[in-house]
2 protein chains.
Amino acid sequence: MPELPEMVIIAKQMNQTLIGKVVKDVSIFQPKCLNRPAKDYQKFLPGVQTERISSLGKWIRIDFHGGMRLLINLGMGGEIVFLKRNQNFPDKTKFALQFRDRTGFFVTLWWFGYIHLVRKDENHPMTDTLGPDPLSLTCESFIKLLENRRGEIKSFLLNQKRIRGIGNFYIQEILFRARIHPRREIGSLTQYEMKSLFKMIQTVLNESISLGSSSYELDFFGEKGQYGLNQISIGYREGGSCPICQSQIEKIRTGSTAQFICPVCQKSI
Amino acid sequence: MPELPEMVIIAKQMNQTLIGKVVKDVSIFQPKCLNRPAKDYQKFLPGVQTERISSLGKWIRIDFHGGMRLLINLGMGGEIVFLKRNQNFPDKTKFALQFRDRTGFFVTLWWFGYIHLVRKDENHPMTDTLGPDPLSLTCESFIKLLENRRGEIKSFLLNQKRIRGIGNFYIQEILFRARIHPRREIGSLTQYEMKSLFKMIQTVLNESISLGSSSYELDFFGEKGQYGLNQISIGYREGGSCPICQSQIEKIRTGSTAQFICPVCQKSI
DNA sequence: GACAAGAACACGGA
DNA sequence: CTCCGTGTTCTTGT
């Protein structure tokens, strides 16, 4: 469930906290989410210094001096949390890094997630093929992305290869605010609708970032964000009513995901 | 069935023949392979001059002065053939361009194919997402393409988004000459095998180009190439014997395609 | 059993 | 494999 805004916040907090620290220990409790043997992590990480942390869609990327990189994806849910000096990590910890100053961080994963170790110059198909960052797009470049594309708009926006970082939580608010039905054909969208959509992607994601991200997730310091029910027009309000037209909110299926919509404001046409 | 070598030859012949000619007429007999209404072709093409023809994997790209571009993919089989002065085009013609000098060319398609008209600066997802040209790769860059990729080697090489222009005709010879089973996992290939594979991709494709491409296809002047049974070790020789070890050649299924292999030389491991 | 993201694979449509 | 989009399956743990 963590999406772009959560990752932006976590990356920022990690940058403020971890830059320059030298890795002392690596602890691994769930080897299945790794891309190489656990002993490679033990071999390459101790002794190296953190250089820069960034977010890439739903991924956190930790670059170390000397050429290695850790790529973390929390999958359907999880946390990356700072570990205070000498604090023990919780039982649910799947992975932890500890630094020479005895601080560190731990990672929990509910279901599927990845903690991959690569050289910076190594191919990593899951992140190399991500689409552009929605917050770095201009309206023109966003509309260009949609040009000559087929399929439903929701599938497109959730496809990380097309545009990175949007998941099933924020998409609902984005589409509602743009008054676009999730199953609309891309080719049927008007210029006006595409502009709306662009604007609402920016608005919703930036609003969440400015509020410290979702109140359903924990940030790097274990705190909840402030983007919650007050910001959400229709998501998770089945049987409630549309704030615009008072129609009854419906829950529909879109591919393998569910979505709340207003059947009037978001006409499928 | 036309693949990279056929397209290289056709593009070369079109370049020698058509550059600078000015379009007079467009004839369309099968609108379903177009990406826009037939009348757009009539509107944008007459009066413009051909600038350059190139091949992109299995596509032919015709650039015109003034910003338009025609993209042709013959799909499962077809021809692009020069039309002599005042020659009528055959009944099976699906598309034809005629120039002011009364020469031209026609396109036939067996089944599915595309004849798309775009502005040069317009998105065209089918060609924008093609992988690199195999004949422009170095061995190092080819091996890099395979790094950290999962799945079977044949699927990878046939996937036009990974590497462009290889189809089910040439892949059989390439894999046999490299002694690699089509279902081998990419991650299991040794350095030596990847080098072999690279070498054989280059060898087979270049050999076909130097022979004027496949003898099963027609070039731009309606002639067959010389790359045929003499060059093919095991393809389409079910029940025959391997030229290396005399084992009986087998026909196996690989995904949705069939493939002839030597069960001894191309061990699946 | 439902659920969720993503990858791999199969399917139908053009 | 001709290519697209979409559907299914598989993963895992509550």
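For clarity, every value in this text was computed on a predicted model and none was experimentally measured. In what follows, chains are A, B, ... by sequence order, proteins preceding strands, each numbered from 1.
- Among the atoms of the strands shown, base atoms are found under 4.0 Å from some heavy atom of B/M76.
- Residue B/G167 is classed as having no contact, given no heavy-atom separation below 4.0 Å to the nucleic acid.
- Residue-level contact check: A/W110 touches the backbone only, with heavy atoms under 4.0 Å from sugar-phosphate atoms and none from bases.
- Using a 4.0 Å heavy-atom criterion, one finds that A/T257 contacts the sugar-phosphate atoms exclusively.
- A/K32 places its NZ atom 12 Å from the C1' atom of D/dC10, with the value rounded to the nearest Å.
- Rounded to whole angstrom, the span from the OH atom of B/Y170 across to the C1' atom of D/dC1 amounts to 16 Å.
- The closest side-chain heavy-atom distance from A/N73 to A/M126 is not below 4.5 Å.
- For D/dT12, there is no paired base (Watson-Crick or G-U wobble, both distances below 3.5 Å).
- Between atom OG of residue A/S155 and atom CZ of residue A/R162 there is a gap of 10.5 Å, rounded to the nearest 0.5 Å.
- Distance from the side chain of B/Y114 is smallest to D/dT2 among D/dT2, C/dA5, D/dT6.
- The local environment of NZ in B/K224 is sparse, with at most 12 non-hydrogen atoms from other residues, nucleotides or ligands closer than 6.0 Å.
- For the pair A/N159 CG and C/dA8 P, the computed distance is 14 Å after rounding to whole Å.
- Here the nucleotide nearest the side chain of A/Q160, chosen from D/dG5, C/dG6, D/dC1, is C/dG6.
- Atom pair A/W59:CH2 and C/dG6:P shows a separation of 9 Å (rounding to whole Å applied).
- Where B/G151 and A/F169 each meet DNA chain C at their nearest nucleotide, the meeting point lying more 5' is that of A/F169.
- For the pair B/H116 NE2 and C/dA14 C1', the interatomic distance rounds to 10 Å; values are reported in whole Å.
- Under 4.0 Å is where a charged nitrogen must lie from a carboxylate oxygen, and between A/R69 and A/E122 no such pair does.
- Taking the side chain as every heavy atom from C-beta outward, B/F176 and B/I232 never approach each other to under 4.5 Å.
- Atom CG in A/L157 sits about 13 Å away from atom P in C/dG6, given to the nearest Å.
- At a threshold of 4.0 angstrom between heavy atoms, the contacts of A/N73 with the nucleic acid are absent.
- By the 5.5 Å and 30° criteria, A/F112 is stacked with the base of C/dA5.
- Rounding to whole angstrom units, CZ of residue B/R183 and P of D/dC1 are separated by 14 Å.
- In this entry C/dC9 has D/dG7 as its Watson-Crick or G-U wobble partner, both defining distances falling under 3.5 Å.
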Exercise. Please test B/R237 against B/L229 for side-chain contact (heavy atoms from CB on, under 4.5 Å), starting from the C-alpha separation and ending with a verdict.
Key: CA-CA 9 Å; B/R237 296 183 192 273; B/L229 264 189; 3.7 Å; yes
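- One can place CZ of A/R149 at 8 Å from P of D/dC4, the figure rounded to the nearest angstrom.
- For B/M126, whose side chain is taken as the heavy atoms from C-beta onward, the closest listed nucleotide among D/dC3, D/dG5, C/dG6 is D/dC3.
- For D/dT2, the OP1/OP2 oxygens have a side-chain nitrogen or oxygen of B/K58 closer than 4.0 Å.
- At the heavy-atom level, B/K161 lies under 4.0 Å from the strands shown only through sugar-phosphate atoms.
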